[in-house]
Number of protein chains: 2
Amino acid sequence: MNNRMMTLKKLAELSNFSVSTVSKALTDNPEISKPTKNKIKKLAELYNYIPNITAKNLKEQKTRNIGVIIPNILAHFFAKVLVGIEKEASKQGYHIITCISDESYDKEVKSIEMLANGSVDGLIISISKGTFIKKNYKHIQSIIDRGLPVIQFDRVIDEIITDKIVIDDFKSSYNATTTLIDSSCKNLAFVTPIHNTSVGTRRLQGFQKAINKASNIESSKLFVIDDYKIFAKDFQGYLQSDTIDGVLASDELSAICAMNLIIGLGLKVPEDISVIGFTDGILSENSNPPLTTVNQHGQELGLLAVKQLVNRINQNSEEYKTTIMNTSLIKRKSTCK
Amino acid sequence: MNNRMMTLKKLAELSNFSVSTVSKALTDNPEISKPTKNKIKKLAELYNYIPNITAKNLKEQKTRNIGVIIPNILAHFFAKVLVGIEKEASKQGYHIITCISDESYDKEVKSIEMLANGSVDGLIISISKGTFIKKNYKHIQSIIDRGLPVIQFDRVIDEIITDKIVIDDFKSSYNATTTLIDSSCKNLAFVTPIHNTSVGTRRLQGFQKAINKASNIESSKLFVIDDYKIFAKDFQGYLQSDTIDGVLASDELSAICAMNLIIGLGLKVPEDISVIGFTDGILSENSNPPLTTVNQHGQELGLLAVKQLVNRINQNSEEYKTTIMNTSLIKRKSTCK
DNA sequence: CTGTTAGCGCATTCAT
DNA sequence: ATGAATGCGCTAACAG
């Protein structure tokens, strides 16, 4: 904003009408006569008048901004969700203010504080790993108590009551595991870098359920990734001493890493070991061999989140609901058959 | 914003002080006495008072928002830049409002219009492919004329005078090509999906310059990608009838695609064909073989962009300058030696 | 040390 | 059909 900016007041002086007449003329209020409207509109056009959005926001007690907090924009899934959010928000006339928590509790708290001072009309959030580990959710609850509409997606805190949009992690994981088992894998491994999150937990449960239900499983092994280098050593060590013929990973990157480690040992994917990952991203599509993945439909998820949030902003009446999105298994060459 | 929100006015009534006294007390103005400050601060704490940022912004004629327009968040480079932008902006107390142009001129125009109504104090932009093709830059110039500070990065329009941050595309490309030539590649191909952009043009020029300077080049071939499927056919067709022993791609994804096409034909990377890409992202790091790439240091670029923009917001005096960022070639296994 | 007043730019109610 | 007055929530110059 600078002194070049045209305002209603200046326009009023220039046109010899009052501020309120100018305001009404520009919003096509029927109280104002045609000729007056025309004069004023022409003048506004000439001087490139643009209504000051901040003043409007103050007057109307809203911002037309949506806050978005995601753990990691470099993960394809979150990037895709963001694309969906941006598209729908833009369509509905909302800006999005993006904060990246970088999986850190502290950054998440700070971001929320920065957003909850009236900067946004609502918030879409996926919880950071750090917060799950810390198990401290006060920062989320406090903004809800303050009356800010919140939508949680993907990584959600069950105890915090808001609208939620998740995928059916348990079922997706169960189905993916079953796919491995059906292609006669008997020695399975579950690889996860998000062990502490809601999502990670459910995916592991789905994996275990499928294994328990199957009759001919010989072994199963859990690899929790904190550090990829340590994981590489552990995983390859295990491969050399034990048998694995099927891997399910709870995200995309760890699936690709596992596959590369397998290939690095001279083993074949999928002939020796089948691999399935979560999130259908650029990595999965372009790996060699291309990776069979659980498609989480991130973009639609983002779209839905905005729709639900805008709904909630406009009418705060409905029951809070959890939407479970379908996934689909995209079969590529990292699995047999 | 809702009626639950505490305001200075309500706080004034509750405390029996005037609004201005309350305001001053809460900003630790030395005019106010210790006991009064304490009383008021305690009350503010008790009622969970948070200053309304919109009102503050209106008063101070600024938004503490930075607009960011990028062509495609799914490209690792832009995601990385965004990470840098978010980090530095957050550090400096700015929000970022992210718009994705999706390489479209129309969306870029619309985004700029949505941002330039006082929603942001400044803008960081990388131009869309569509805009380069259309060669219509009025929407950019108009916001600059209106006095909004703008930083262009990576894909920049030379004719539009703003601060710019770019990488040395020509030199990076020249060096990468030279690396191929030095490892005795004689039949080179340049693969590019961004042929129309400033960046794409300069990278091609660097490639050509290196070829012209070399003495023993036997052939060189340009592949412009509009559609990846068509490219796949063309490229593999060429591979089958002609010789290529070195590929430089102007971005990450096309490099990976080229490599996969090569491997798909039973050829070996790097033994038969060396491949180098631009942008050091997740794809390059995790491909098989891992890809030699030009690292563009996206995060630092984002950081710098914010620093420069904030500088420009605070003092509109300096000369406009173009910062050229260094790149580095990360050698991995897709090239010989 | 505290309060009164004004004003940021806009929309709107209430006169005229 | 037009204008005056009010208020959104905040800061700050000025008065006392």
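What you see is a predicted model, and the numbers here were worked out from it, not measured in a lab. Here is the naming used below: chain letters follow the sequence lines, and residue numbers restart at 1 for every chain.
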Flag side-chain contact, heavy atom, 4.5 Å: B/Val81 against B/Ile124: no
If only side-chain N and O atoms of A/Thr27 are considered, is one of them under 4.0 Å from the OP1 or OP2 phosphate oxygen of C/dA11? no
Name the pairs: protein N/O against N/O of nucleotides 13-16 of chain D, kept only if under 3.5 Å.
unit_1: D/dA13; atom_1: N6; unit_2: B/Lys24; atom_2: NZ; d: 3.3

Is the closest basic N to carboxylate O distance between A/Lys134 and A/Glu108 below 4.0 Å? no
For B/Asn16 and B/Ala55, find the nucleotide of DNA chain C closest to each by heavy atoms; which residue's nucleotide sits nearer the 5' end? B/Asn16
Would a 4.5 Å heavy-atom cut-off, applied to side chains only, mark B/Ser198 and B/Ile127 as touching? no
Evaluation steps, salt bridge (Lys or Arg N to Asp or Glu O under 4.0 Å), between B/Lys138 and B/Asp145: CA-CA 10 Å; B/Lys138 277 187 217 142; B/Asp145 293 344; over 6 Å; no
Between A/Ser23 and C/dA11, is there a side-chain N or O to OP1/OP2 distance below 4.0 Å? yes
For a quick check of understanding: with a heavy-atom distance under 4.0 Å over all strands, which category does A/Pro30 fall into, base, sugar-phosphate or nothing? sugar-phosphate
Hydrogens and angles aside, do A/Asp121 and A/Thr63 bring a side-chain donor and acceptor to less than 3.5 Å of each other? yes
Using whole Å, report how far CG of A/Leu8 lies from C1' of D/dA4. 15 Å
A/Lys9 NZ to C/dA11 C1', in whole Å, measures 16 Å
In whole angstroms, how far is the P atom of D/dG7 from the NZ atom of A/Lys59? 10 Å
Does a salt bridge link B/Lys321 with B/Glu319, judged by any charged N lying under 4.0 Å from a carboxylate O? no
Within less than 4.0 Å of OP1 or OP2 of C/dT2, is there a side-chain N or O belonging to B/Ser33? yes
Report the distance from atom CZ of B/Phe17 to atom C1' of C/dT2, rounded to the nearest whole Å. 8 Å
Hey, does the side chain of B/Gln61 come within less than 4.0 Å of C/dG9's phosphate (OP1/OP2), counting only N and O? yes
Between C/dT13 atom C1' and A/Asn29 atom CG, what is the distance in whole Å? 12 Å
Is it the case that A/Ser128 and A/Lys107 place a side-chain donor and acceptor less than 3.5 Å from each other? no
Does a side-chain N or O from B/Tyr49 land closer than 4.0 Å to OP1 or OP2 of D/dC10, or not? yes
Quick one: is D/dG9 close enough that its OP1 or OP2 comes under 4.0 Å of any side-chain N or O from B/Thr54? no
Interatomic distance, A/Ile32 CD1 vs D/dG3 P [rounded to whole Å]: 8 Å
With a 4.0 Å cutoff (strictly under), does any side-chain N or O of B/Thr21 reach OP1 or OP2 of C/dT2? no
When the distance from CD1 of A/Ile40 to P of D/dT2 is rounded to whole Å, what number comes out? 8 Å
Among C/dA11, C/dC10, D/dT11, the one nearest B/Val19 by side-chain distance: D/dT11
Hey, are A/Glu159 and A/Lys135 close enough for a salt bridge, meaning a charged N less than 4.0 Å from a carboxylate O? no
Rounding to an integer number of Å, can you tell me how far B/Ile53 CD1 sits from C/dC8 P? 20 Å
